[in-house]
Protein chains: 2
Amino acid sequence: MTDDENTTTAGRIAEAIGERIISGELQPDAPLRQDHIAREFNSSHVPVREAFRQLQAQHLVVAVPRRGVRVAPLNINSVKEIAEMRAALEVVALRNAAPKLTSSHLARIELALIEGDTAQTIQEFEMANRAFHHALVAPCAMPRLLASLDGLQLANSRLVFAMARSSGWRPRSNQDHRLILQALRARNVDQACSLLARHIQTIERLALSSS
Amino acid sequence: MTDDENTTTAGRIAEAIGERIISGELQPDAPLRQDHIAREFNSSHVPVREAFRQLQAQHLVVAVPRRGVRVAPLNINSVKEIAEMRAALEVVALRNAAPKLTSSHLARIELALIEGDTAQTIQEFEMANRAFHHALVAPCAMPRLLASLDGLQLANSRLVFAMARSSGWRPRSNQDHRLILQALRARNVDQACSLLARHIQTIERLALSSS
DNA sequence: TCATTATAGATTATCTATCATAAACGGTTG
DNA sequence: CAACCGTTTATGATAGATAATCTATAATGA
């Protein structure tokens, strides 16, 4: 999904722990003890510490010196923050990606859309959702922007899973997605951008109202 | 400047190396050997590796497994990318900060403006520039957004120092800053936001035309 | 008595030192 | 050009030291 092979031990550990945090298997504020994790992954504490730094940069854990690392807390304000950041950045990315969109890109976007339609579990739906938004902006070829958006998408997924767990809330956004694809096919970039911004803000509003 | 005391060895190393990269003392693509750095800071290689991960997250170095770490390259495309990201995110931050701006906030913004006027070296000017933009958005109280903007400001400073070094280019933006402060004093948030966005894009255009 | 403080022991993070392994680089030679 | 070899280097393991934190118990004072 992400991209790199993660040939290094620290990278593998960071990915595994990160998935647990996003899925909700690791609860907010849960302490992460480096020696336990090292034992679990048959490694020493050195790669674990490196993995912690990586997760810290993704805002998935918080570290306080001499007191170790905990799963980052989940507060309601971050829903709004992440939505606003995503709305602003995805529009920039889409505006830069749109002129470079080929028919094969459009096909990939539509594929993610269909996968969202046929998704049975919320995990499958969220994976398709990530794939859609990623395919939408990937052609912009702005690596730093794409990395930021990947991080925001992961944080967003974490919030979605947490809300699904606590209140059975389930996002429905494929109709929005379909309209965005339609606007792009019609080469109407302005409309696609405004639909995208509205779409992301709508998700935020739904999430906040259901809490 | 940043905020934390950096009581940990890895944090100190990351900060020191980061400053060298931003100032241009460490050239793009220069290899960073962990054992050399460990000797320099009287530490072992373990904290150095943690510092590398932190710098990697800031996009100041690139790491390829089994081949170590190098100073991140400086390419002309990243000027545009960083400017577009900053313009989009700073506007979001300012819009959220504006309603919370007190007179003491405004005084702090003006202080940074004056420091920019009296700056003698480009280092002083850039420090005042960072202080201005930071003071402008800090009251928004969105930690993730502020962290992103800090990273983008650092990347921007690195570009400024590199261009000052290669072509004697020197940014002049205090007039823009003054107009933004004026609009905020008049409680004209929309105008302040549009001035800010235009300001950041103008810097990008100047930079690209002088290269 | 009850609440607060002090203290001792266990746990844990942080870092050092040394070693082992493997990959990459540089040169030489077939 | 390609195969080989030694050096350098990244990566990780292991053992141990230090210091900070936590916990539980004991002591003190109101």
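Just the heavy atoms: all of them, side chains too, but no hydrogens, waters or symmetry mates, feed the values below. Numbers restart at 1 for each chain; the letters A, B, ... are given by sequence-line order, proteins then strands.
Between the side chains of B/His105 and B/Thr102, at least one donor-acceptor pair of N or O atoms lies under 3.5 Å. Side chains of B/His134 and B/Gln153: a donor-acceptor N/O pair is absent below 3.5 angstrom, by distance only.
Proximity of A/Thr8 to the phosphate of D/dG12: a side-chain N or O atom is located under 4.0 Å from OP1 or OP2. Taking 4.0 angstrom as the limit, B/Thr9 places a side-chain polar atom (N or O) nearer than this to OP1 or OP2 of C/dC15.
Counting atom types as modelled, A/His45 pairs no side-chain N or O with a base atom of D/dG12 as donor and acceptor under 3.5 Å.
Among the atoms of the strands shown, base atoms are found under 4.0 Å from some heavy atom of A/Ser44.
Considering only residues two or more places apart in sequence or on other chains, B/Pro31 meets the side-chain contact (heavy atoms from CB on, under 4.5 Å) condition with B/Arg33, B/Arg70.
Rounded to the nearest 0.5 Å, atoms CG (B/Leu152) and CD1 (B/Ile82) are 6.5 Å apart.
Of the possible polar contacts, none joining the B/Ser148 side chain to the B/Leu145 backbone as a donor-acceptor pair under 3.5 Å is found.
The separation between A/Ile37 atom CD1 and C/dT14 atom P is 12 Å, rounded to whole Å. The CZ-P distance, from A/Arg39 to C/dA13, rounds to 11 Å in whole Å.
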>> I need a per-nucleotide contact map over nucleotides 3-10 of chain D, read 5' to 3'. Cutoff is protein heavy atoms under 4.0 Å; write B for the base, S for backbone only, - otherwise.
In response: ------SB

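For residues 94-115 of chain B, the salt bridge (Lys or Arg N to Asp or Glu O under 4.0 Å) pairs, not counting sequence neighbours, are B/Arg95-B/Asp190, B/Glu110-B/Arg185.
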